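A short worksheet on the structure shown next.
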2 protein chains.
Amino acid sequence: MRSESNLTHLMRHVLKNHRSHVDRLIRDYDVYPGQPPLLLRLSDTDGLSQRELADSKGVKPATLTVMLQRMEKTGLIRRAADEKDQRVTRVYLTEKGRGASEAVKQAMEEVEARCFEGFLPEEKLLLRRFLLQMKDNLTTWTPED
Amino acid sequence: MRSESNLTHLMRHVLKNHRSHVDRLIRDYDVYPGQPPLLLRLSDTDGLSQRELADSKGVKPATLTVMLQRMEKTGLIRRAADEKDQRVTRVYLTEKGRGASEAVKQAMEEVEARCFEGFLPEEKLLLRRFLLQMKDNLTTWTPED
DNA sequence: AAAAAAAAGTTAGCTAGCTAATTATAATAT
DNA sequence: ATATTATAATTAGCTAGCTAACTTTTTTTT
């Protein structure tokens, strides 16, 4: 068996395809490929700190800084210093950003629906269980083992 | 339900973790994060053209060109023009590259084993079936739909 | 109160991915 | 035979991700 045909390779393929579909659907909204998750997170909870956003998205603060600079430039978000703690910068959606996040939400749902077409609810549940177990297996693995 | 907690988000998380484990295990081999799949592919079939490699890995030729330039510089591969067709460049593993690909293969197997610890064979089979269906759902989706 | 440590962001410099445009070679059509 | 078209690879310029080093502000120690 060729190593490229393993399960994780297949997962990578699926996710790449998934992302490109989302990208296609929001092409007209000044939203770049990595931004949808950020927009959804902000649409759920506005005014998060960059630290919270980075943790939530599983991305390094340095990465986030640059992405937010771009999103500020394209007018999707604005940033303001926290009043209590001057180290903290909080991130807010603009009106444009709110519109974009709605479009993203819709696109996401559409792609998700397509992706799981023909799945029974219990199959999706099973898939979730598999993924959670994989996640757990990998996160509890420390180099000393 | 928050959109970030959907299945594809979970998959992304798992894959990121997976990759970082592989990276950690091959840290001493001059192999960068995106290169393991390439090395495995070449270890299976040496002397592929860049086009074939790109298609096999699901990456654009432009992306591959730059990766191969780096791998040539670090001595993992060498490239030579095809004799029959001067447009084609074929890629070969060097001795160093062969050693690295062995390390990658071992690391991959180790991570894969950890990742699927506690899985029954039929569960892995089921997961594969799910992923293939997802892949099919997304690849047969054309914008006109 | 002053010094040390910790935390939040930023910057610089790298790899990996993309698209669009370009070059060189090969295949096809006229 | 020549002109056109197609294919392989590269280059340039972008976004997204990382680490390491740095600055500023807050918190902890002493």
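Because only heavy atoms are used, hydrogens play no part in the values below, and waters and symmetry mates are left out as well, while side chains stay in. Chain naming here is simple, since letters A, B, ... match the order of the sequence lines and numbering starts at 1 in each. In this text the structure is predicted, and so the values were computed from the model without any measurement.
- Under the 4.5 Å side-chain heavy-atom criterion for ILVMFWY residues, no single connected hydrophobic cluster contains both B/L40 and B/Y92.
- Reading DNA chain D from its 5' end, the first and the last nucleotide to sit under 4.0 Å from a heavy atom of chain A are D/dT15 to D/dT26.
- Here D/dT11 sits opposite C/dA20 as a Watson-Crick or G-U wobble pair (both hydrogen-bonding atom distances under 3.5 Å).
- A/T140 OG1 to B/R114 CZ: the interatomic distance, rounded to the nearest 0.5 Å, is 6.5 Å.
- Residues from residues 83-97 of chain B lying near DNA chain C, meaning a heavy-atom separation below 4.0 Å, are B/K84, B/D85, B/Q86, B/R87 in numerical order.
- Between A/W141 and B/H21, the two ring planes are parallel [angle under 30°; tilted spans 30° to 60°].
- Of all the residues in residues 60-74 of chain A, A/P61, A/A62, A/T65, A/Q69 reach under 4.0 Å from DNA chain C with at least one non-hydrogen atom.
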(message) Let's go through A/E123 and B/R129 carefully: what are the C-alpha distance in whole Å and the side-chain angles of both, what is the deciding distance for salt bridge (Lys or Arg N to Asp or Glu O under 4.0 Å) to 0.1 Å, and is it a yes or a no?
(response) CA-CA 11 Å; A/E123 289 179 322; B/R129 191 167 73 64; 3.4 Å; yes

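- Under a 4.0 Å N-O distance rule, the pair A/R51/A/D55 qualifies as a salt bridge.
- Results of the side-chain contact (heavy atoms from CB on, under 4.5 Å) test with B/L127 over A/L10, A/L126, A/L7 single out A/L7 as the only residue that passes.
- Contact annotation: the side chain of B/Q106 never approaches that of B/L25 to less than 4.5 Å [non-hydrogen atoms, C-beta and beyond].
- In this model, a donor atom of one side chain and an acceptor atom of the other lie less than 3.5 Å apart for B/R41 and B/T45.
- At the phosphate of C/dT10, OP1 or OP2 sits under 4.0 Å from a side-chain N or O atom of A/R79.
- A distance-only check finds no donor-acceptor pair linking the side chain of B/S49 to the backbone of B/V88 [under 3.5 Å].
- Ion pairing of B/R90 with B/E52 is present here, as a side-chain N (NZ or NE/NH1/NH2) and a carboxylate O approach within less than 4.0 Å.
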